Amino acid sequence: MPPLKIEVGHEDTVHDVAMDYYGKRLATASSDYSIKIIGVGNNTSQHLATLSGHKGAVWEVSWAHPKFGSMLASCSFDGTVIIWKEGNNNEWTKDHVFDDHKSSVNSIAWAPHELGLCLACGSSDGNISVFTARPDGSWETSRIDQAHPVGVTSVSWAPSMAPGALVGSGFLDPVQKLCSGGCDNTVKVWKLYNGIWKMDCFPALQMHIDWVRDVAWAPNLGLPKSTIASASEDGKVIIWTVAREGDQWEGKVLNDFKAPVYRVNWSLTGNILAVADGNNNVTMWEETVDGEWRQVTEIEP
């Protein structure tokens with residue numbers, strides 16, 4: 001499929017692009033305070049809607065799983081998170097506004113749909129909030145206070161299937177875990193115990209020497225190993241793995257990109273990692289049978 005260049009119509013920097021579950025629509029987030037919804041297909045694109053409601057730059061957008069309807073979350077420098085709901089004919093309305101944070105909300109991530117409609121948010125105030133929809137339409141809030149005291153830059157959920165579920169025996173309840181990156185140069189793992197979030201890695205994962213810009217927990221398809229990728233201002237991407245629940249996480253440098261690394265994203269099967277760096281390159285990486293990582297392709301800008 002040839003690359004499709006899309007003019008999204010923003011008046012300032014575009015910070016994030018998210019494709020919906022079916023690959024039919026894009027949502028884009030921009031410093032012009034707005035979100036655009038773009039229909040894509042057959043080498044064409046069409047502007048469908050502009051969502052206006054934030055009072056600052058919009059950093060990230062994220063589609064909810066379609067089992068919950070057509071919903072989108074956005075987070076902003078203005079300290080708010082907005083849940084948008086689509087009605088008829090591309091008409092979007094604010095379904096809920098969360099203003100729990102005292103400063104910029106930098107990252108949002110929907111939990112695996114098996115856990116229900118649940119959104120994690122990381123903020124420059126150092127806190128992570130987790131909002132879970134109740135059956136009556138209200139939202140329940142849990143928090144990880146001072147997760148990264150100098151600021152949270154990124155959050156990512158663990159797969160809901162427990163590590164080893166495919167090779168273990170018996171039914172296992174869905175896992176409620178997430179990881180976060182922050183301005184303290186660390187990656188942390190959190191687990192929900194009896195309604196309270198607690199740190200699940202000791203000590204914090206620290207190999208970066210500058211801000212962690214992004215974290216991404218890899219799909220594990222029920223295999224025993226858990227894997228997290230972290231990207232940093234220091235130019236490195238680190239792959240963190242743990243063989244079994246309760247073991248120590250181990251970090252391995254995937255590559256030094258010689259420029260800040262802004263985003264990392266796994267393929268659906270968890271075997272290919274996409275990396276976006278400050279040299280305007282997007283590269284794809286895969287793990288070889290001997291545990292080394294090699295670049296498999298580069299996407300032309």
Side-chain angles (χ1 to χ4, degrees), residues 12-18 28-31 56-62 73-77 79 81 101 103-110 119-129 144 146-158 178-190 201 204-218 227-241 249 251-267 272-285 293 295 298-299 301:
D12 208 332
T13 305
V14 175
H15 296 288
D16 194 26
V17 179
T28 59
S30 170
S31 277
V58 186
W59 301 131
E60 286 191 9
V61 282
S62 182
S74 58
C75 64
S76 169
F77 181 77
V81 173
H101 290 284
S103 55
S104 175
V105 180
N106 304 316
S107 181
I108 47 175
W110 289 107
L119 186 73
C121 313
S123 169
S124 290
D125 64 14
N127 303 329
I128 295 170
S129 53
I144 305 171
Q146 296 303 285
H148 299 265
V150 286
V152 183
T153 55
S154 182
V155 289
S156 178
W157 287 87
L178 54 84
C179 62
S180 59
C183 302
D184 57 3
N185 310 348
T186 70
V187 175
K188 295 181 180 179
V189 179
W190 309 90
C201 62
L205 310 185
Q206 185 152 16
M207 280 176 64
H208 290 295
I209 56 171
D210 208 335
W211 287 18
V212 176
R213 286 285 183 187
D214 198 21
V215 289
W217 202 311
T227 305
I228 294 168
S230 60
S232 170
E233 190 75 17
D234 66 14
K236 292 185 175 69
V237 169
I238 293 175
I239 305 296
W240 305 91
T241 55
W249 288 82
K252 184 173 190 175
V253 176
L254 171 114
N255 190 45
D256 185 349
F257 292 86
K258 312 294 186 189
V261 187
Y262 296 121
R263 299 300 289 270
V264 279
N265 205 343
W266 292 98
S267 64
I272 302 281
L273 181 71
V275 179
D277 67 49
N279 289 323
N280 296 332
N281 296 320
V282 177
T283 50
M284 305 284 193
W285 299 77
W293 286 84
Q295 184 180 324
E298 182 171 346
I299 297 172

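Side chains are part of it too, since the values below use all heavy atoms of this structure and drop only hydrogens, waters and symmetry mates. Note that the structure is predicted; figures quoted are calculated from it, not measured.
When side chains are defined from C-beta on, Ile239 counts as touching Thr227, because their heavy atoms get closer than 4.5 Å. For the pair Val58/His15, no side-chain contact is recorded, criterion being any heavy-atom separation below 4.5 Å from C-beta on.
Between atom CD1 of residue Ile238 and atom CD of residue Gln206 there is a gap of 10.0 Å, rounded to the nearest 0.5 Å. Separating the SG atom in Cys75 from the CG atom in Leu119 is a distance of 8.5 Å, to the nearest 0.5 Å. Going from atom OH of Tyr262 over to atom CG of Asn280 covers 9.0 Å, rounded to the nearest 0.5 Å. Between the CG atom of Asp234 and the NZ atom of Lys258 there is a distance of 11.0 Å, given to the nearest 0.5 Å. Taking CG from Leu205 and CH2 from Trp249, the interatomic distance works out to 7.0 Å, rounded to the nearest 0.5 Å. Distance check: Asp125 CG to Asn106 CG gives 9.0 Å after rounding to the nearest 0.5 Å.
Between Ala57 and Ser76, the shortest heavy-atom contact is O-OG, 2.8 Å. In plain terms, the two heavy atoms of Thr153 and Cys183 that are nearest each other are CG2-SG, 3.8 Å. Here the closest non-hydrogen pair linking Gly181 and Val212 is CA-CG1, 3.9 Å. Pairing each heavy atom of Ser74 with each of Val61, the nearest pair is CB-CG1, 4.0 Å. For the residue pair Ala276 and Val261, the shortest heavy atom distance occurs at O-CG1, 3.5 Å. Contact record, Ala229 with Val264: O-CG2, 3.9 Å, taken as the closest heavy-atom pair.
Between the side chains of Asn185 and Ser232, no donor-acceptor pair of N or O atoms lies under 3.5 Å. Side-chain polar atoms of Trp59 and Ser104 form a donor-acceptor pair below 3.5 angstrom. Using a 3.5 Å distance cut-off with no hydrogens or angles, the side chains of Asp12 and Ser30 do not pair a donor with an acceptor.
A side-chain donor-acceptor contact under 3.5 Å links Asp184 to the backbone of Thr186. Formation of a donor-acceptor pair under 3.5 Å by the Trp217 side chain with backbone atoms of Cys179 is not found in this model. Glu60 places a side-chain N or O within donor-acceptor distance of the main-chain N or O of Ile108, the cut-off being under 3.5 Å. A donor-acceptor pair under 3.5 Å is absent between the side-chain atoms of Lys188 and the main chain of His148, judged by distance alone.
Scored by the side-chain hydrogen bond (donor to acceptor under 3.5 Å, both in side chains) test, Trp157 finds no partners at all (sequence neighbours excluded). The ring pair (Phe, Tyr, Trp, His ring centres under 6.0 Å) check on Trp190 picks up nothing, with sequence neighbours excluded. Applying the side chain to side chain contact (heavy atoms under 4.5 Å, CB included) test to Thr283 and every residue at least two apart in sequence or in another chain returns Phe257, Val275, Trp285, Gln295, Glu298.
Tested against Val237, the residues Asp277, Val253, Asn255, Leu273 include a single side chain to side chain contact (heavy atoms under 4.5 Å, CB included) partner, Leu273.
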